[in-house]
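See structure below.
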Amino acid sequence: MANLDWNNVGFEYIQTDFRFVAHYKDGAWSAGELVKDNHVVLHEASPALHYGQQCFEGLKAYRCKDNSINLFRPEENAKRLQKSCQRLLMPPVPVDLFLKACTQVVQSNEKWVGPYGSGATLYVRPLVLGVGKGLGLQPAQEYLFIVFCAPVGPYFKGGMCPANFVVSEFDRAAPSGTGAVKVGGNYAGSLLPAKLAKEQGFSDCVYLDPATRTKIEEVGAANFFAISKKGVFVTPASPSILPSITRMSLVHLAKEHLGLEVVEGDVFINALEEYSEAGVCGTAAVIVPVGGISYQGKLHVFYSQEQAGPITKKLYETLVGMQFGDLQAPQGWITKVS
Ligand SMILES: *Cc1c(COP(=O)(O)O)cnc(C)c1O
């Protein structure tokens, strides 16, 4: 195991030993290989740099009690990356190539997967870039598929802590835009709304649906769910939300493991009193309980600002238990890489 203070790892770039690089040229992807150099040299006219012809993914590798290593639902990331590529006229990375790249990156950097019990994991970041000379606005002729990784700490050190969020005046995505795909262009525009939210003392901002601005869509770069007072798991449905794999997993767990009714529908911002708990979810954060949401100057508190609600907590424990191999996950969710 690498010599890191494993109980105090944050979410920052720490250089590991190997990354995987494949090149698309003349209509085909190369087999790809592991390399040591963590720099990418690009043509100055690469469409990724000018026009945002770029997309990415994020997943984690987890160290189990028996020292083996899990990837969590990597085929779902592979499929989502293909959708992102298709939306930007980039050649989709074959699922097999994606899985091979992630597996090799984790195996070759095995010492960077934190010890079981520390909460640290290895964050895996695949990306696809449109490269080569292309001054006019058109798709690149060549592409790079890169997978690198970095050890990251748990989002919570010592217990889940609710966070407060504020509704943004900005939209994250357009009604028929690129919100549903994980393309870099969606994120630069979210830096300012996030900064403004933080300056007001919130953890991040809530984005409403861009068409009517009446319903919750996303929170920062994470999906949203709420538990109604009747015990229904509700999560927004919209064509401009990025379909989170964590959320997809929670929908299944809420139904099959907690026996809750699940509704993928509307969460109106002016009807938050219908909900007794709320949370935001994604690979990096897993689940962050929502303490309160501020809208038009009023803070609506869900369960509590001090602790997570019981259903949110149960969902968190079930999901994390499966990711680290302590609980039996549904068929196909876990890929052992070591
Ligand atoms: C990546 C991402 C998520 C979380 O997706 P996961 O698959 O759960 O990691 C949610 N919202 C946005 C905007 C994202 O980019």
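None of these values were measured; they are calculated from a predicted model. Counting starts at 1 for both ligands and their atoms, following the listed order.
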Nitrogen or oxygen of I245 less than 3.5 angstrom from that of ligand 1: yes
Short N-O contact, R80 and E57, less than 4.0 angstrom: yes
Aromatic ring pairing F233/F225, orientation class (parallel under 30°, perpendicular over 60°, tilted between): parallel
Atoms in ligand 1 with a heavy atom of N223 nearer than 4.0 Å: 10 (C), 11 (N)
Heteroatom distance test (R247, ligand 1): nitrogen or oxygen, under 3.5 angstrom: no
Atom indices of ligand 1 within 4.0 angstrom of L242 heavy atoms, with elements: 1 (C), 2 (C), 3 (C), 11 (N), 12 (C), 13 (C), 14 (C), 15 (O)
Side chain to side chain, V232 and V262, heavy atoms closer than 4.5 Å: no
Aromatic plane relationship, F98 with F145 - under 30° parallel, 30 to 60° tilted, over 60° perpendicular: parallel
Part of A222 within contact of ligand 1 (heavy atoms, under 4.0 Å): backbone
Check: T246 N/O within less than 3.5 Å of ligand 1 N/O: yes
Close side-chain approach of F148 to L127, heavy-atom, < 4.5 Å: yes
Heavy atom of E76, distance to ligand 1 below 4.0 Å: no
Side-chain touch W29/V93, heavy atoms, less than 4.5 angstrom: yes
Derivation of the side chain to side chain donor-acceptor pair (under 3.5 Å) call for E217 and S238: CA-CA 7 Å; E217 288 230 316; S238 154; 2.4 Å; yes
Shortest protein contact, atom 9 (O) of ligand 1 (heavy atom only): T283 OG1, 2.5 Å
Shortest heavy-atom approach to atom 15 (O) of ligand 1 - which of Y187, F224, Y207, F56: Y187
Test of proximity, R172 against ligand 1: N or O pairs below 3.5 Å: no
Per-atom contacts, ligand 1 versus E218 - under 4.0 Å to a heavy atom: 10 (C), 11 (N), 12 (C), 13 (C)
For R80, the ligand 1 atoms whose distance to one of its heavy atoms is below 4.0 Å: 5 (O), 6 (P), 7 (O)
Sidechain N-carboxylate O distance under 4.0 Å for K195, E199: yes
Taking atom 1 (C) of ligand 1 as the reference point, the nearest protein heavy atom with its distance: K182 NZ, 1.4 Å
Protein residue, atom and distance nearest to atom 10 (C) of ligand 1, heavy-atom basis: A221 O, 3.4 Å
Test item: V167 and S294 side chains (from C-beta on) under 4.5 Å apart, heavy atoms: no
